[in-house]
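Lettering follows sequence order; numbering is per chain, from 1. Computed from a prediction, not measured in an experiment: that's the story for all the values here.
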2 protein chains.
Amino acid sequence: MSGYELAKTFDSSIGFFWKADHQQIYRELSKLRDRGHIQGHEVVQSGKPNKLVYTLTSEGRAAFRHWAARPSSPPMIKDDLLVRLCALDSVDIEPLRADLMARLEHHRDRYARYERILKKLFPDGTATSVADTGKLLGLRIGLRHERTVAEWCEEAIETLSAISKPASVLLLEDSRRENNG
Amino acid sequence: MSGYELAKTFDSSIGFFWKADHQQIYRELSKLRDRGHIQGHEVVQSGKPNKLVYTLTSEGRAAFRHWAARPSSPPMIKDDLLVRLCALDSVDIEPLRADLMARLEHHRDRYARYERILKKLFPDGTATSVADTGKLLGLRIGLRHERTVAEWCEEAIETLSAISKPASVLLLEDSRRENNG
DNA sequence: CTGACTTTTTCGCGTTACGGTAAATAACGG
DNA sequence: CCGTTATTTACCGTAACGCGAAAAAGTCAG
């Protein structure tokens, strides 16, 4: 692909777990070219300026295999939310609750998107090729993750709601429960 | 706290979702001091060199509240593993499988640690103060996350095992299943 | 032909967050 | 004096990225 094409298709492919604007992509392409991992070929176009289509070299493919074979450690989850929870008593609850509700929506949305992709690519839930197996596994952890975090968001929102209610409301609810139960 | 104390206690507190060595901590402390968010007071010690204990200023506390009230977006999960799964057919399976097994152990370990902390801090599973509520919620998402990822690791390892087995083994297992079932 | 717009690529500046190595203090014990 | 611990600082570098712009090449409407 050319840098321009990569920049356009990035968000809808690996964009789920990696962001890069066009400049970053061009920068990385230059680096890879300098290291001999990819090679650029100018492709003439009619009606548009020519483009520089990059292809993997054999060295590049080998380097990738080598990179992929090296042990990795799980990434840190650097989430502002966790910091705010650590210091919950020094924080305004309402904006935090709003944030959690936005996140809940976000994770539900992502879950739905992954489910749609899953049903489209793997209608019967199984992969046939090796490449598909990898994508299926990626989808599965995505689905699991979004579901988990969404569930936690619901729990957290409920918990925070209880905090932000004044004691009088809690008393009211208590007496109601007594009357009804 | 002083920078030295922070560096010592960092790993066992926020260290679960943030890493920082002593230099990084000193650097950040300097920045915060320059911005007036914290103030350093020299504390004389006997038997040791004096230390610079930093305390939050009222501006610092206000800045934190302000920061904590601003909407945040969920962090990206930049995980090498996902890249390798995306290109599973260009990757050696065995080291990947080994990596997954290491991860499985890591996440099980973390799960156990969180569980131990939970039982120690919240024996009955409920928090009394607002500060505790935040920590409990943090523990809960940690537990959920580790369990989810560990389960996924098991699934992925099994899936990859099926791939790396030659077809003859699969045939053998098929015929065994037929004879036994 | 000019001006606006798309496609494709590049440049130059800055920042944040880090890692590495070491050194400067200060106090202690032997 | 030397080695060790505690405490802080200095200096060097890097990877990854954002910002804002602009160059170059082509299209099309007015």
request  = Give a yes or no on whether a salt bridge exists between Glu5(A) and Lys8(A), defined as a side-chain N under 4.0 angstrom from a carboxylate O.
outcome  = no
task = With rounding to the nearest 0.5 Å, note down the distance linking CG in Leu29(A) to CG in Leu52(A).
result = 9.5 Å
ask   = So, for Pro71(A) and Asp99(B), which heavy atoms are closest and what is the spacing to 0.1 Å?
value = CA-OD1, 3.2 Å
inquiry  = According to salt bridge (charged side-chain N to carboxylate O under 4.0 Å, His left out), does anything in residues 108-131 of chain B pair up with another residue at least two apart or in another chain? List the pairs.
reply    = Arg108(B)-Glu154(B)
ask   = Quick one, which residues of residues 20-39 of chain B touch DNA chain D with a heavy atom under 4.0 Å?
value = His22(B), Gln23(B), Tyr26(B)
message = One thing to verify: whether Glu151(A) and Arg144(B) come together as a salt bridge, which I'm taking to mean a side-chain N less than 4.0 angstrom from a carboxylate O.
response = yes
remark   = Residues of residues 70-80 of chain A with a heavy atom under 4.0 Å from any atom of DNA chain D, listed by number, are none
query = Is there a side-chain contact between Asp132(A) and Asp89(B), using heavy atoms and a 4.5 Å cut-off?
reply = no
remark   = Under a 4.0 Å heavy-atom criterion, DNA chain C is touched by chain A from dT7(C) to dC18(C)
ask   = Are Ile77(A) and Met76(B) in one and the same hydrophobic cluster, where Ile, Leu, Val, Met, Phe, Trp and Tyr link if side-chain heavy atoms are under 4.5 Å apart?
value = no
key: Bend angle of the helix from dC1(C)-dG30(D) to dG30(C)-dC1(D), from helix axes over five pairs at each end, nearest 10°   = 20°
inquiry  = Reading DNA chain D in the 5' to 3' direction, which nucleotide is the first one with an atom under 4.0 Å from a heavy atom of chain A, and which is the last?
reply    = dA16(D) to dT27(D)
Leu88(A) vs Ile93(A), side chain to side chain contact (heavy atoms under 4.5 Å, CB included): CA-CA, chis, key distance, verdict = CA-CA 8 Å; Leu88(A) 192 62; Ile93(A) 302 290; 4.0 Å; yes
remark   = The reported gap from CD in Glu105(A) to CZ in Arg103(A) (rounded to nearest 0.5 angstrom) is 13.5 Å
Of Trp18(A) and Lys48(A), the one whose closest DNA chain D nucleotide lies more 5' = Trp18(A)
inquiry  = Within the 4.5 Å heavy-atom criterion, are Leu96(B) and Asp92(B) side-chain neighbours or not?
reply    = no
key: Spacing of Glu59(B) atom CD and His37(B) atom NE2 [to the nearest 0.5 Å]   = 8.0 Å
Thr133(B) side chain vs Ser129(B) backbone, donor-acceptor pair below 3.5 Å = yes
task = Enter the distance from Asp79(B):CG to Trp18(A):CH2 here, rounded to the nearest 0.5 Å.
result = 9.5 Å
query = Quick one: does Phe16(A)'s side chain get under 4.5 Å of Asp11(A)'s, heavy atoms only?
reply = no
ask   = Could you give the distance from CZ (Arg140(B)) to CD (Glu155(A)), rounded to the nearest 0.5 Å?
value = 5.0 Å
